[in-house]
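Indexing begins at 1, ligand by ligand and atom by atom, following the structure's order.
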Amino acid sequence: MARLTILEYPDPRLRTKAQPVAVFDAELKQLVADMFETMYAAPGVGLAATQVNVHRQVLVADMSENSDQPLVLINPRILEKDGIQVYQEGCLSFPGIFADVERALKIKVAAQDVDGKEIVLDIEGPLAVCIQHEMDHLVGKVFVDHLSAFKRSLLLKRLEKKRKQSA
Ligand code: NI
């Protein structure tokens with residue numbers, strides 16, 4: 001396994017739209033394994049392939065307390081959405097900054113697993129936030145896109161400051 005480099009905002013590659021996965025081979029399994037390793041090491045609770053500069057519709061997530069419930073969704077699409085929740089989100093492409101984002105409370109998602117088998121999941125709460133956030137990455141969207149221009153500029157200034165401090 002290998003840790004992959006995570007692209008950080010405002011890297012323009014984060015705006016790339018991912019292509020659907022058509023071939024479920026060993027290379028895909030390796031990508032998924034590497035994405036899990038990268039996510040757990042960061043540490044983070046979700047990672048989209050876009051963030052590691054692979055523009056295919058693959059995301060991994062694990063919001064369990066003991067990091068023992070890995071979830072991989074390939075070619076995910078939302079079938080149904082219901083309700084509203086506001087949750088404080090972060091993103092591995094925006095190290096150290098967080099913001100409240102409004103998203104659906106419950107989602108029904110269809111996807112494929114790493115073997116290409118069709119799955120349908122009903123997800124709600126924080127994991128539903130995570131999946132919606134990661135699915136945004138696959139269409140070139142990032143969480144600050146959901147904020148007002150004012151809030152976004154404050155947050156991006158904070159990101160700049162953090163970067164200077166850690167440089
Ligand atoms: Ni993210």
Side-chain angles (χ1 to χ4, degrees), residues 1-21 28 31-65 67 69-78 81 84-107 109 111-112 114 121 123-149 151-163 165-166:
M1 293 211 292
R3 267 185 220 178
L4 307 168
T5 303
I6 298 174
L7 302 179
E8 291 189 7
Y9 185 88
D11 193 309
R13 292 171 291 182
L14 287 170
R15 296 301 186 184
T16 313
K17 272 195 177 182
Q19 297 299 312
V21 172
L28 178 70
L31 170 67
V32 168
D34 290 344
M35 284 175 64
F36 273 117
E37 185 181 346
T38 304
M39 179 189 80
Y40 286 128
V45 294
L47 186 68
T50 310
Q51 291 176 277
V52 292
N53 201 29
V54 175
H55 301 290
R56 287 190 274 161
Q57 295 175 15
V58 178
L59 69 85
V60 298
D62 188 343
M63 289 204 76
S64 66
E65 219 166 287
S67 300
Q69 287 169 44
L71 179 65
V72 51
L73 298 181
I74 295 172
N75 302 329
R77 57 265 179 219
I78 292 183
K81 280 186 184 194
I84 289 171
Q85 62 181 323
V86 176
Y87 192 85
Q88 193 184 60
E89 298 184 20
C91 178
L92 293 175
S93 297
F94 294 76
I97 64 165
F98 302 89
D100 285 344
V101 177
E102 188 180 294
R103 297 193 190 266
L105 176 63
K106 298 179 184 180
I107 52 172
V109 184
Q112 283 162 283
V114 79
L121 300 169
I123 303 173
E124 65 175 277
L127 185 58
V129 169
C130 178
I131 299 305
Q132 291 172 84
H133 174 122
E134 302 313 332
M135 285 183 70
D136 272 358
H137 279 301
L138 299 180
V139 292
K141 223 171 151 183
V142 291
F143 79 124
V144 301
D145 297 346
H146 291 271
L147 306 177
S148 68
K151 275 192 189 164
R152 184 163 54 239
S153 73
L154 280 183
L155 215 68
L156 295 178
K157 270 184 206 139
R158 213 177 300 154
L159 182 66
E160 241 354 270
K161 223 181 189 177
K162 294 229 177 219
R163 270 201 191 125
Q165 282 167 356
S166 62

Does the side chain of D100 come under 3.5 Å of the side chain of Y87 through a donor N or O and an acceptor N or O? no
Atoms of type N/O/S from protein, distance to the Ni ion (ligand 1) below 2.8 Å: 3
Please table the atom pairs, donor to acceptor, closer than 3.5 Å between any side-chain atom in residues 151-162 and protein atoms at least two apart or in another chain.
residue	atom	partner	partner atom	Å
R152	NH1	V144	O	3.2
R152	NH1	L147	O	3.0
S153	OG	F150	O	3.0

For A128, check side-chain contact (heavy atoms from CB on, under 4.5 Å) against everything at least two apart and list the hits. Q85, I107, I123, Q132
So, D34 side chain and A2 main chain: donor-acceptor pair closer than 3.5 Å or not? yes
Donor-acceptor pair, distance only, cut-off 3.5 Å: does the side chain of D11 make one with the backbone of E8? no
Please name all residues satisfying ring pair (Phe, Tyr, Trp, His ring centres under 6.0 Å) with H133, sequence neighbours left out, ordered by chain then number. H137, F143
